[in-house]
Student: 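Sharing a structure here in structure tokens format.
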Amino acid sequence: MINSNVKFISYHIRCWEQKWKQFNSNQGIFETEERITPEKPNSYRGIGLKSWVSLTQPSFNCLIRYGLPVAIWCRNQNERLNQEMIETAINKLLTKDINQLPNELSRIRRQANGDPEEVASHLSLLWDDPTRPLPSEPNSENYPLGLF
């Protein structure tokens, strides 16, 4: 049992690292969960997940199964924000230099200044770089949680 778990974890770590390399060379696409359906995780060529609504447990399972290191989503549905507005904002972000996504999202969120009517105020980003080690003290000021 332990050996099969090690193989399972090793396989998904390799997928994750491969997707990160693709991501860093701007090779690949972001898809919605509904469009990610291949039988074999390594046959999926996408590099990230985009969602117009908050991520769910199946969304996180999708990230792990396909080794996707990046996800962007709208975390809070405001009745004044329709799906088209959210899709437009996310897709516009994804047309920029993908390696600058955290900086670009931070920039537009600062511009939105917390305005609940601005889509940028509701966007979240998961940026899971396999080459960046976790800090030794998770509560330290250098811990990246919550920056985006």
Student: Going by the rule side-chain hydrogen bond (donor to acceptor under 3.5 Å, both in side chains), which residues pair with Thr131 if we only count those two or more places apart in sequence or in a different chain?
Tutor: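 Residues passing side-chain hydrogen bond (donor to acceptor under 3.5 Å, both in side chains) with Thr131: Asp129.
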Student: Once you round to the nearest 0.5 Å, how far does NZ of Lys19 lie from CZ of Arg14?
Tutor: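 Lys19 NZ to Arg14 CZ: 13.5 Å, rounded to 0.5 Å.
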Student: Heavy atoms only: give me the nearest Trp52-Gln83 pair and the separation to one decimal.
Tutor: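 The answer is CD1-NE2, 3.1 Å.
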Student: Considering residues at least two apart in sequence or located in another chain, which fulfil the side-chain hydrogen bond (donor to acceptor under 3.5 Å, both in side chains) criterion with Gln57?
Tutor: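 Gln57 satisfies side-chain hydrogen bond (donor to acceptor under 3.5 Å, both in side chains) with Asn61 once adjacent residues are dropped.
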Student: How far apart are the C-alpha atoms of Thr32 and Ser51, what are their side-chain angles, what is the distance that settles it, and do they pass the side-chain contact (heavy atoms from CB on, under 4.5 Å) test?
Tutor: CA-CA 6 Å; Thr32 58; Ser51 179; over 6 Å; no
Student: Show the nearest heavy-atom pair for residues Ala112 and Glu118, with the distance to one decimal.
Tutor: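 Heavy-atom minimum between the residues: CB-CB, 3.7 Å.
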Student: Supply the atom-to-atom distance Leu55 CG to Ser124 OG, rounded to the nearest 0.5 angstrom.
Tutor: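 It is 8.0 Å, given to the nearest 0.5 Å.
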Student: Got a second to check how far Leu93's CG is from Ile72's CD1, nearest 0.5 Å?
Tutor: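 Between Leu93 CG and Ile72 CD1, I get 5.0 Å after rounding to 0.5 Å.
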Student: Using a 3.5 Å distance criterion without hydrogens, assess whether the side chain of Arg75 forms a donor-acceptor pair with backbone atoms of Ser54.
Tutor: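 Between the backbone of Ser54 and the side chain of Arg75 there is no qualifying donor-acceptor contact (under 3.5 Å).
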Student: Checking Trp20 now: which residues fulfil ring pair (Phe, Tyr, Trp, His ring centres under 6.0 Å) with it, not counting sequence neighbours?
Tutor: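 In terms of ring pair (Phe, Tyr, Trp, His ring centres under 6.0 Å), with neighbours along the sequence ignored, Trp20 is linked to Phe23, Trp127.
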Student: Rounded to the nearest 0.5 Å, how far apart are CD1 of Ile90 and CZ of Phe30?
Tutor: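 CZ of Phe30 is found 10.0 Å from CD1 of Ile90.
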Student: Using salt bridge (charged side-chain N to carboxylate O under 4.0 Å, His left out) as the criterion, list what pairs up with Arg107, not counting sequence neighbours.
Tutor: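 Scan of Arg107 (salt bridge (charged side-chain N to carboxylate O under 4.0 Å, His left out), adjacent residues dropped) gives Glu104.
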Student: Can you sort out the partners of Gln100 under side-chain hydrogen bond (donor to acceptor under 3.5 Å, both in side chains), two or more places apart, ordered by chain and number?
Tutor: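 If we apply the side-chain hydrogen bond (donor to acceptor under 3.5 Å, both in side chains) test to Gln100, skipping adjacent residues, the hits are Asn103.
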Student: Starting at CD of Gln22, measure out to CD1 of Ile98 and round the result to the nearest 0.5 Å.
Tutor: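 It comes to 12.5 Å.
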Student: Are Trp16 and Leu68 packed together at the side-chain level, in the sense that at least one heavy-atom pair is separated by less than 4.5 angstrom?
Tutor: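 The answer is no; the side chains never approach within 4.5 Å.
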Student: Check whether any side-chain heavy atom of Asp115 sits under 4.5 Å from a side-chain heavy atom of Asn113, and report yes or no.
Tutor: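 Result no, sub-4.5 Å side-chain heavy-atom pair not found.
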Student: Indicate the atoms forming the closest heavy-atom contact of Glu17 with Pro130, along with that distance.
Tutor: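 Glu17 and Pro130 have their closest heavy atoms at CG-CB, 4.0 Å.
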Student: Set out, in order, the CA-CA distance, both residues' side-chain angles and the distance that settles side-chain contact (heavy atoms from CB on, under 4.5 Å) for Tyr66 and Leu49, then state yes or no.
Tutor: CA-CA 10 Å; Tyr66 295 104; Leu49 176 70; over 6 Å; no
Student: Between Ala89 and Val119, what is the shortest heavy-atom contact and its length?
Tutor: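 Minimum heavy-atom separation between Ala89 and Val119: CB-CG1, 3.5 Å.
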Student: Quick one: pull up CG in Leu81 and CD in Glu117 and give me the separation to the nearest 0.5 Å.
Tutor: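 With rounding to 0.5 Å, CG (Leu81) is 7.5 Å from CD (Glu117).
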Student: State, yes or no, whether a side-chain contact exists between Val70 and Leu125 at a heavy-atom distance under 4.5 Å.
Tutor: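 Yes. Closest side-chain heavy atoms under 4.5 Å.
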Student: Who passes salt bridge (charged side-chain N to carboxylate O under 4.0 Å, His left out) against Glu87, sequence neighbours left out?
Tutor: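 Not a single residue meets the salt bridge (charged side-chain N to carboxylate O under 4.0 Å, His left out) criterion with Glu87.
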Student: Can you check whether Lys96 reaches Leu101 side chain to side chain, under 4.5 Å on heavy atoms?
Tutor: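 Contact flag for Lys96/Leu101 side chains = no.
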